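Data first, discussion second: the structure below is written as C-alpha cells.
In what follows, chains carry the letters A, B, and so on, assigned in the order in which the sequence lines appear, proteins first and then strands, with residues in each chain numbered from 1. As the structure is a prediction and not an experimental result, all values here were calculated from the model.
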Amino acid sequence: MPFLARRLARLAVLLVALIALPFAGGSASAQDISAPLAKLATDSYADTGAAIAELAASGHPRAAAIVQAIQDGKLEFDAASHAVVIRGAASVVDAATGAAIATPPAGLSPVRVNNRVRTALAAAVGSLTLMSPDPVKRREAADAVFKSRDAATLPILEAAIAKEGDARIRLALQVARAAVILTKPEASDDARVEAAATIKERGDQEAVSLLRSLPEGSAKRVKDAAEAAAKSIETNLALWSSAQNALYGISLGSVLLLAAIGLAITFGVMGIINMAHGEMVMIGAYTTFVVQEVIRAHAPGLFDWSLTIALPLAFLTSGAVGVLIERTVIRWLYGRPLETLLATWGISLILQQSVRSIFGANNREVGAPSFMSGSLDIGHLSITWGRMWIVVFALSVFVGLILILKKTPAGLQMRAVTQNRAMAAAMGIRTPFVDALTFGLGCGIAGIAGVALSQIDNVSPNLGQSYIIDSFMVVVFGGVGNLWGTLVGALTLGVVNKFLEPFAGAVLGKILVLIFIILFIQKRPRGLFALKGRAVES
Amino acid sequence: MTTDIAANAQLYLDDVRVSFDGFKALRGLSLTIEPGEMRAIIGPNGAGKTTMMDVITGKTRPDSGEVLFEGGSVDLTRLDEAAIAELGIGRKFQKPTVFESHTVEDNVYLALKADRGPLATLFHRLNAEEARRIDEILATVKLGDRRHELAANLSHGQKQWLEIGMLLAQEPKLLLVDEPVAGMTDAETMETAALLRRIHDSGKSVVVVEHDMAFVRELGVKVTVLHEGGVLSEGSIDHVAADPRVIEVYLGR
Amino acid sequence: MIGHFLVKGLDRGVAITLLVVLAIGVLIPASNLLLPEGHALHVPTYLLTLFGKYATYATLALALDLVWGYCGILSLGHGAFFALGGYAMGMYLMRQIGSRGVYGNPILPDFMVFLNWKELPWYWHGFDHFGFALVMVVLAPGLLAFVFGWFAFRSRVTGVYLSIITQALTYALLLAFFRNDMGFGGNNGLTDFKDIVGYNVQSAGTRATLFFLSCLLVAVGLLVTSAIVKSKLGKVLIAIRDAESRTRFIGYRVATFKTVVFTVSAMLAGLAGALYVPQVGIINPGEFAPANSIEAVIWVAVGGRGTLVGAIVGAVAVNWGKTWFTGALPELWLFALGGLFVLVTLFLPKGIVGTWSAWTAKRRAARDAAPAAAE
C-alpha cells in the first residue's frame, strides 16, 4: 500500500507539473532544461527516465515536443558533443531551442527506449495531451491528485481551476484541492471545513474514506464536518445502491417473467401442469443457436439481425412441439393434473436427451448482436444493454400477450373455452382446436423467451431445468389464472431476491425466497391475486 | 330478546353476511330452527342456499353475524368442519359424494359415530354394536343387498340414499340435506320424502334445501324462501306460494 | 393386535411378497459368502450391493405409495427425506473415521479441516453414537415432514400446488446442502467411510449384513404400511384421497391425518436413506435433486400406486432397467425413462400390479359366474 501511495504521489506531481506548464512560463528556474537534456545524451535508461520526469516538471515550452520526439524515436544525440536534436522529415532542429541546424553532427544516434522509459513516457505524453483538449485526461490528473493529496501541487491546482472551462472537471479539480487542504494540518479550520463540504460533492466511497482519515490532532469542528459529509455521502450511496439493486431486481424479474409467462397460459389459464415448459425455453434457445450458425456460414452481414430472425422461428418451433405434445399426450389427460405432471416430465426428459443427441451435451455459443453489447450508465447506476433489452422485451411480450388474449377473436375463444368448455362447445367453438392453439401459444412464448435467455444463460440441454421451478413459483405466487399476477409476482420475486443477495449471498438468497414462497402459499394457497368465491373451489 | 330465541333454538342464524370479491352471497340472513323441527328451504339459483350451508358447517366464515347451535351454547363460526360435524351437524351435498373406492358398508362404517383421531382409527376394530348399526342403516336406506359392492357402482339415486345413510350413521342432531331428490324418479322422490320424515320423527332436526315443489309439498313442513341472500318469505307451503313477492321472484316480472 | 393382523389382515399378495423379500434377504448374502467365486449360483459382491440399493429404493417407493397411492398426496420431494436419513447416517460414518482421515484430525472430518474450521458445529455433536444417529435418521426427516405438513395441510394446499411446493422444498435443500458453510461437506458430500458399529463397511460380512437389513426393512415397511392401509385409518386415507371435503364433513380432521401419514412416510424414507448410504459409500447434495424424487414417483406408477406390492415391484423393475440401459445403451436411458412416464400414465394408469389384480379379479368373477349360469 505505501508503495502504491508513493507511486501515486510521484505520478501526481508529474501530472500537476505538466498542467502547470503554460502558467509557469515566467519562472527562471523552470526555463533551464540543460540538465535533463544532458541526461538524455548519456545513453543510460535510468538517466533518460529521470530526464523525462524532469522535463515534464520543468514547465519548459519545448518539453512537450522533446517528450513526443522520444516517443516517436526521433530524438537523437551526439555522444561526443552531448548535443541533443530532433530529426524532422526534412531537417534537424535543436531540441532546446527548436532552431534548425544546418549541419547536424555526424555521430547522431537515437535516444533508446526500454519498458521503464516507456512507462515514464506514457505518463508524460498522456499528461501532455491532457494539456491539450482531451477532458478525460485532465480528469484523470485531478483524480490522481485527489488520491496523492500532495500539498506541493496546491498552487498549480488553483491555477488549473481558474482556467478550466469544463464544469465537471473543474469540480474534480476543486475536490482534489479540497482533499489536499483537508488533510493538511496547517490549513485553517475554516478552509478545512469548507473543504469537507467540497469533497462531499464527489459522493463516492473514496470520498468517504478520505473524510474518515483526517490527520491526528485535527480540530473537533473539522472532524465533525468531515463526519457529517461522510454520513451524507453514505446515505446518498445507500440510496443509489438500493436503486441499483432494484434495477438488478427488475432485470432478474423480467427474466423470471419471460420464463414464466408461457406457463401463465398453459398452467395459469388452461390448468395444464407442463413440466416440459423449461424445455420449450431450451428449444427456443437452440433455435437461436441454429439461426446464428446458418447466418455465420451464409450471411455474416445479417448477424445483428440474428435474434430478430430467431424470434418467429423459435415461436413456431416451440409452438409446434407444444401442439404436438398437446395432441398426442396431454389431451388424453385433461382433468387429471397429477398424471399430466408425470407425463410432461417424461416428455421433458425425452426432449433434453434429443437435444443432447443432436447438439451434444456441452454449452453452445450464442453471440450477442452489437446493439446488445456495452452497458448503460446513469449516475451511479449501471446495467448492460443485453439485460436492458431483456427488460424491454419481457414487458413487450407481456403486453403483446394481454392484447392477444383481450383483443383478438382467437383470444376471446381461448378465454371462452377455459371458462366454460361445454358452453363454448355449444356455441360452435371447436374446443379441441382451441386447446391445441392455446397450449401452442404458451409453448411458443416459452420459445421466444428462450431467444432472449440465450443471451444471458448457457445454452445447454439443461437450460430448461434451471427455469422450471422458478417459473412455477412465479405463477403460483402471482396467482393462477391471472397474467397481471404473473407480472407482479415475477418482478417482486426478482427484486426481493436481489435485495437479499447483499446480506445473504446469492444461493442463500434464493433459498430464502423459496422458503418465503412455500410459507406464502400456506398463507394464501391461491397466490397474490387469487380469485375468490365458491366457484373456484369446485 | 334475540337471546331468548337463541336459547330455545337448535340452530340460530342472525344477520349473517358473506361476500366474495364484492359479490354479496348472504346479506343479513336470519333463520331459526327449533329442536326437532323439519324445515324446507327453497329459493332460486344464487339465493344463497349453498352458502348458508357452507356457513353452518364451517366451510365458509361469515363476514359478520351470529351462527349459534344447541340453544345458543356453541358459536359455530369459531369451529372447523370436523368439529362441527362431531357436534352433531350432518350435511348431505347437492352432488352426491360417496367414497367410490370403498364398499357400501365401508362408507357407512367410516361415517359411524366414533372417535375420529388418527390413533383411534388405526387401532379401531369393528365391534358387534357397530355391525348391528351398519345393518340397521343399510336396511333403512335399502342397500343391504349391495353392501359389498363398491360405491362407485351404485346408481345416482342409490348414491343419494347411501349419503343419507352415512348422515344417519353420524347420529347428528341436525341434518342439512341439499337437494336430496335431484335426478330421482318420481317414485324415488316420494320414498325419499318418506325417509326424511322418518328421520324427523326419530327426533332429529332436519333442514332440506330443494327446488322440487312437489317434494316440498310432500314433506308438508314450514317453508323458508330465500332470495338474494336473505329471507323473502316464511310459512306453510300454501302461504308462501300465495305470497306475491315469492311469485314475482319465481315467475319474474 | 399384531397377531390378529398377521392372521386375518394380511392379504395373499402381501404375504407372498414378504416371504420372497425375506428369502432373498437371506439367500443372496448366503450365496455371496458361502459359495466360491465361479460357482454357478454365486452372487458377486457388486450385484449384492446393487440389489441392496434396489431394496432401499423399494422402501422409498413404499413410503411414497403410502402418501400418494392411499392418500392422494403426490410428493415430488420424498427424495429429500431419503437424503436426510442418508446424511444422518453419513454423519455417523464420518465421525467413525476418526483420525484415519487424510488430515488425521480425530474430531473434525476432513472437509472441515480443509475449510479451516476449528471446532465441530453443534449439530454434529452426538453423531459419534450409533444410537443417536439412528434416532436422527428417523427424527430429522420426520420433523421436516411434520413441520412442512403441519403448515401445508392445515392451509389446505392440495393437488398440484402441493406437488410443486414439495419440489421446491427439495430444491431449496439441494441448494442449501451445496453450500460449504452448511457444514455437510458441500458439493462433495460425505464419503470415504471406514467403519459402521466397528465393522469395516467394505468387508464382505458387513455388505451381506447391510443387504439383509435392507431386505428386512422392506419387509417391515411392507408389514407396517399394510397394517396402516388395512386399518380404519387406511380407509380414512382412501376416503381423503377420493373425496377430501366429504371426509371433513363427516368429522375427520383431514389435515391431521395427512400430517401423520406424511410424517410416517418420511420416517420410512429416512430409514431407507440410512441403509442406502453405507452401501453406496457416499451421500452428496445430488440426492436432493428434484429429478430423483420424481423418478421415485414413476417407480410407484409403474408398479401400481395404491398397491403396496406394486411399489416394490416398480422400484426394482425400473431400477433394473436403469442399470441395464446405462450399461448397454447409456444415451437411450433418458428416452426410455421419459417414454415410461408417458406410456404408464396414458396406457397403464393402475401400473403392473394394479392391472394384474384387476385382470385376475375379473377372471375369478367370470369363473364364479360360469357355474352359476350353468345351474
Does NZ in B:Lys159 sit with more than 12 non-hydrogen atoms of other residues, nucleotides or ligands closer than 6.0 Å? yes
Greater than 12 external heavy atoms within 6.0 Å of C:Arg363's CZ: no
Quick one: what part of B:Ala169 sits under 4.5 Å from any heavy atom of chain C, side chain, backbone, both or neither? neither
Measure distances from B:Asp80 to the heavy atoms of chain C and classify the residue's part below 4.5 Å as side chain, backbone, both or neither. side chain
Quick one: are B:Ser64 and B:Val16 in side-chain contact, heavy atoms under 4.5 Å? no
With a 4.5 Å heavy-atom cut-off, do C:Ile312 and C:Leu308 have their side chains touching? no
With a cut-off of under 6.0 Å to the ring centre and 45° to the axis, is C:Lys232 in cation-pi contact with B:Tyr109? yes
Any chance the side chains of [X] and [Y] put a donor and an acceptor closer than 3.5 Å?
| X | Y | answer |
| --- | --- | --- |
| B:Ser19 | B:Asp63 | yes |
| B:Arg61 | B:Thr77 | no |
| B:Glu130 | B:His124 | yes |

Of B:Ala120, B:Ala85, B:Pro172, B:Ala111, the largest count of non-hydrogen pairs under 4.5 angstrom with chain C goes to B:Ala85
If you count heavy-atom pairs under 4.5 Å between each of B:Leu87, B:Leu119, B:Thr121 and chain C, which one has the most? B:Thr121
Select all residues of residues 251-264 of chain C having any heavy atom within less than 4.5 Å of some heavy atom of chain B, and report them by number, or 'none'. C:Gly251, C:Tyr252, C:Arg253, C:Thr256, C:Phe257, C:Val260
Chain B: which of C:Ser245, C:Gly306, C:Ala239 shares the most heavy-atom pairs with it under 4.5 Å? C:Ala239
